Number of protein chains: 2
Amino acid sequence: MSEGAGKEVSIKRVFHALGDATRRAIVDRLSEGPASVSRLAAPLNITVTAVAQHLQILEECGLVHTEKVGRVRTCRIGTAGFAALQQWINDHRSSWERRLDRLEDFLDEEE
Amino acid sequence: MSEGAGKEVSIKRVFHALGDATRRAIVDRLSEGPASVSRLAAPLNITVTAVAQHLQILEECGLVHTEKVGRVRTCRIGTAGFAALQQWINDHRSSWERRLDRLEDFLDEEE
DNA sequence: TCAATACTGAAGTATTCACTTGACAATTAA
DNA sequence: TTAATTGTCAAGTGAATACTTCAGTATTGA
């Protein structure tokens, strides 16, 4: 409601999307530059269909942006999902920094 | 292998843990201060057993730290999970900042 | 001692999830 | 036109997940 971007990203979806190893692998691959669906599928040992399903999830939460030109869908890193993620961390930072300051508890946790 | 803390936190588990709305609610509640298991369960409309199951997941990935004294298990925010999360974002920041710089693509995404 | 409190453990269930197969559509190349 | 490439759609499967209930175990208070 306050962002420049038109997409509303739910943090739940972002977390869920990144909870899957295959989807994180896709994000990692796209971090190095754009790629087609089949190019993404190649090193993953899963079908192109499965990759397309992952891409839909990644796109819905703003982690990936795709565009189809001709018969090729080109995928690249999105920004909204990452922004939402950083925002969530910022919103919670104070509580765990506060906890970090409490030395006894911290050492306790180290065991 | 390089952290001061003794816990190795898998980012997969952190993302998976935070992908659930109930677990995020628990984290939110604990951000305001420590609480017992039953105190956490009260506003959630689920059984104490379910909360205990969530707590185990949250503890395994370092988002929550718990300690049982007498018959009461006291839960508080952990730090390792949040650190792992921030680390993951830092590791990926360059790629999406690079993307943000590309104005045409960015505007394209707003659409 | 007796009962209430606070949690734990095992087992079951309904739903979600990551994947597959197989059939199809659209674009590009020969 | 024909054939290969690239992706999409629908439906199904097995495993994981978020719960539940029921039966227990400690701990605390009266």
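The chains referred to below are lettered A, B, ... by the order of the sequence lines, with proteins before strands, and numbering in each begins at 1. Note that the structure is predicted; figures quoted are calculated from it, not measured. Basis for what follows: all heavy atoms, side chains included, without hydrogens, waters or symmetry-related copies.
- At whole-Å resolution of the value, CD in B/Glu59 and P in C/dC7 are 14 Å apart.
- One atom, CG of B/Leu40, and another, C1' of C/dT5, lie 16 Å apart when rounded to the nearest Å.
- Put simply, B/Leu18 and A/Ile57 are part of two different groups of oily side chains (I, L, V, M, F, W, Y) that touch within less than 4.5 Å, one to the next.
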Open item on the list: Between B/Thr66 and B/Leu58, does the side-chain contact (heavy atoms from CB on, under 4.5 Å) criterion hold? Intermediate values first, please.
Closed with: CA-CA 10 Å; B/Thr66 81; B/Leu58 288 167; over 6 Å; no
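- Ring geometry, B/Trp88 versus A/Phe82: the interplanar angle falls under 30°, so the pair is classed parallel (tilted spans 30 to 60°).
- Note: B/Glu32 CD to B/Arg76 CZ = 15.0 Å, rounded to the nearest 0.5 Å.
- Using a 4.0 Å heavy-atom criterion, one finds that A/Ala52 contacts the sugar-phosphate atoms exclusively.
- Within 4.0 Å (heavy atoms only), B/Thr49 reaches at least one base atom of the nucleic acid.
- Boundaries of the chain B contact region on DNA chain D are D/dT17 to D/dT28, first to last in 5' to 3' order (nucleotide atom under 4.0 Å from a heavy atom).
- Here C/dA10 presents its P atom at 12 Å from CD of B/Gln53, a figure rounded to the nearest Å.
- Atom CD1 in B/Ile57 sits about 14 Å away from atom P in C/dT8, given to the nearest Å.
- In this structure, A/Gln56 places its CD atom 12 Å from P of C/dA18, rounding to the nearest Å.
- Each of A/Val69 and A/Val48 lies near DNA chain C, and the nucleotide nearest A/Val48 is the one positioned closer to the 5' end.
- With distances taken from any side-chain atom of B/Lys68 to the nucleotides C/dA10, C/dC7, C/dC19, the minimum falls on C/dC7.
- Enclosure of atom CZ in A/Arg39 is not indicated, since only 12 or fewer non-hydrogen atoms of other residues, nucleotides or ligands lie within 6.0 angstrom.
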Open item on the list: Does B/Leu85 form a side-chain contact (heavy atoms from CB on, under 4.5 Å) with B/Phe15? I'd like the steps, not just the answer.
Closed with: CA-CA 8 Å; B/Leu85 198 52; B/Phe15 279 131; 3.4 Å; yes
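- When the P atom of C/dA18 is taken as reference, atom CZ of A/Arg23 falls 4 Å away, rounded to whole Å.
- One finds a side-chain N or O of B/Ser38 lying less than 4.0 angstrom from the OP1 or OP2 phosphate oxygen of C/dC7.
- Between the C1' atom of C/dT16 and the NZ atom of A/Lys12 lies a distance of 10 Å, rounded to the nearest Å.
- Residue A/His54 places no side-chain N or O under 4.0 Å from the OP1 or OP2 atom of C/dC17.
- For A/Thr47 and C/dC19, the shortest distance from a side-chain N or O to OP1 or OP2 is not below 4.0 Å.
- Not counting sequence neighbours, A/Arg29 has no partner by the side chain to side chain donor-acceptor pair (under 3.5 Å) test.
- Of the side-chain N and O atoms in B/His16, none sit less than 4.0 angstrom from OP1 or OP2 of C/dA18.
- Between B/Arg73 and C/dT8 there is a side-chain N or O to OP1 or OP2 distance below 4.0 Å.
- Residue B/Arg39 is classed as having no contact, given no heavy-atom separation below 4.0 Å to the nucleic acid.
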